[in-house]
Amino acid sequence: MSFPGAAKLAGTRPLTDLHLAMRSWFAETARVLPWRSPDCSPWGILVSEVMLQQTPVVRVLPVWEDWMERWPEPADLAKEPSGEAVRHWGRLGYPRRALRLHAAAVAIVEKHGGKVPGTHAELLGLPGVGDYTAAAVAAFAFGQRETVVDTNIRRVHARLISGLALPAPSLTASEMRLADSLMPDDIELSVRWNASVMELGALVCTARSPKCSDCPVSESCAWLAAGEPPPTYTPKGQAWHGTDRQLRGAVMAVLRVADSPVEPEWLERPATDLGFAAAGAAVPLAALHRLNFPPEQLERALEGLVRDGLAEMHDGGLRLPA
DNA sequence: TATGCGTGGTC
DNA sequence: TGACCAAGCAT
């Protein structure tokens, strides 16, 4: 181990100043979020974790509340057509997550008696649940000692321990070892530690402009000590304009509000008469037309949506899976 | 392992 | 203004 304080973490590993500082900070500063309530079910926590994949808390909150009221148990969602999950996903983005959450609910009913399973391995077997989400649910819903590593934790570790402005482009084995070595041995403290490092990354040690003056552990930050060296690489942004991704998004916006199947013709060009049934989709339809995508790309995008299970053909029109 | 996958806020 | 960014996953 090569980071400051590593020796103190060996052996019986008593709590370090780092742990104590983080614990106080978390107790005073952590946001009150419904999925952090002691009342929140494992299902509620699983739903929150999937919604929070690549989506900010403020946008998740209202949709999560709606889902929990609508589908308080996995079985409630499992009964629905998958398209309903997609519809009520709203504008959270990456709607395939809604599809996978629905599939996870079905799997929970069929293989786990309707209860969210409590081990990392079982969770990992659910659709849409990867290593991070399995660890997060095992820790936060079932109180287990799990090595939780998300983008926030990676960034905090990169700065605090490794002295880097940003973590590597993709998660490395060495980062997992580091995260494991930093976790308190005590189970409950490990859960709290994971939550607090994540929260620090979300509120203080942010990607763009970290609020180091508010940081409870700035005194021991390797990146600050090194004089805030800049990132050693420039992250490549995701293409958007003119991509299938943009087009799929625009089509899904139409399907979410359409109250009957939408003829592909309507998607391609403005119709003189949409008919009463699709009139509710006039606004997103107009937005789609404004993008002016080539017809062949539209066709390809629609195929993709159907292939991915986000849409289906019915009576010559496109709709959410019913 | 690199890539594709939505959306909207921020600077 | 456009590029970056947000509790990743699947292929």
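Note on naming: letters A, B, ... go to the chains in the order of the sequence lines (proteins, then strands), and numbering restarts at 1 for each one.
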Rounding to a whole Å, what distance do you find between [X]:[atom1] and [N]:[atom2]?
| X | N | atom1 | atom2 | answer |
| --- | --- | --- | --- | --- |
| Gln54(A) | dG8(B) | CD | P | 16 Å |
| Leu310(A) | dT7(B) | CG | P | 10 Å |
| Arg96(A) | dT3(B) | CZ | C1' | 11 Å |
| Glu303(A) | dC5(B) | CD | C1' | 18 Å |
| Leu171(A) | dT1(B) | CG | P | 10 Å |
| Leu61(A) | dG8(B) | CG | P | 16 Å |
| Arg97(A) | dC5(B) | CZ | C1' | 10 Å |
| Leu320(A) | dG6(B) | CG | C1' | 15 Å |

### Query
Does a nitrogen or oxygen in the side chain of Arg91(A) sit under 4.0 Å from OP1 or OP2 of dG6(B)?
no
Would you indicate what [X] reaches in the nucleic acid, counting non-hydrogen atoms under 4.0 angstrom: base, sugar-phosphate, or nothing?
| X | result |
| --- | --- |
| Trp89(A) | nothing |
| Arg256(A) | sugar-phosphate |
| Asp308(A) | nothing |
| Thr151(A) | sugar-phosphate |
| Arg208(A) | base |
| Thr133(A) | sugar-phosphate |
| Leu92(A) | base |
| Ala202(A) | sugar-phosphate |
| Gln246(A) | nothing |
| Pro169(A) | nothing |
| Leu33(A) | base |
| Ala136(A) | nothing |
| Val129(A) | sugar-phosphate |

Which pair of non-hydrogen atoms, one from [X] and one from [Y], has the smallest distance, and what is that distance?
| X | Y | value |
| --- | --- | --- |
| Gln297(A) | Gly242(A) | NE2-O, 3.0 Å |
| Arg31(A) | Ala202(A) | NH2-CB, 3.6 Å |
| Ile161(A) | Ala222(A) | O-CB, 3.6 Å |

### Task
May I ask you to verify whether the side chain of Arg245(A) and the base of dG4(B) hold a donor-acceptor pair under 3.5 Å?
no
### Query
Does Thr55(A) get its side chain close enough to the base of dG8(B), under 3.5 Å, for a donor-acceptor pair?
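Answer no: no donor N or O sits under 3.5 Å from an acceptor.
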NZ/NE/NH1/NH2 to OD/OE distance under 4.0 Å, [X] and [Y]:
| X | Y | answer |
| --- | --- | --- |
| Arg36(A) | Glu199(A) | yes |
| Glu296(A) | Arg300(A) | no |
| Arg70(A) | Asp66(A) | yes |

### Validation row: Val204(A), Val156(A) side chains within 4.5 angstrom (heavy atoms)
no
### Query
Are Val251(A) and Leu318(A) side-chain neighbours, meaning at least one heavy-atom pair lies under 4.5 Å?
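A side-chain contact under 4.5 Å exists here.
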### Task
Assign each of Ser209(A) and Thr243(A) to its nearest nucleotide of DNA chain B by heavy atoms, then name whichever residue's nucleotide is nearer the 5' end.
Thr243(A)
### Message
Return whichever of Tyr94(A) or Ser170(A) has its heavy-atom-nearest nucleotide of DNA chain B closer to the 5' end.
### Response
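Looking at the nearest nucleotide for each, Ser170(A) comes out on the 5' side.
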### Query
Which two nucleotides bound the region of DNA chain C that has atoms under 4.0 Å from heavy atoms of chain A, read 5' to 3'?
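First-to-last contact on DNA chain C, by the 4.0 Å heavy-atom rule, is dC4(C) to dA10(C).
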### Message
Say we look at dC11(B) and dA7(C): how far apart would their P atoms be, to the nearest angstrom?
### Response
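Roughly 15 Å separates the two P atoms.
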### Query
In whole Å, what separates the C1' atom of dT1(B) from that of dT11(C)?
11 Å
### Spatial distance of atom CZ (Arg245(A)) from atom CH2 (Trp240(A)) [nearest 0.5 Å]
7.0 Å
### Query
Starting at the 5' end of DNA chain C, which residue's closest nucleotide do you reach first, Lys236(A) or Arg100(A)?
Lys236(A)
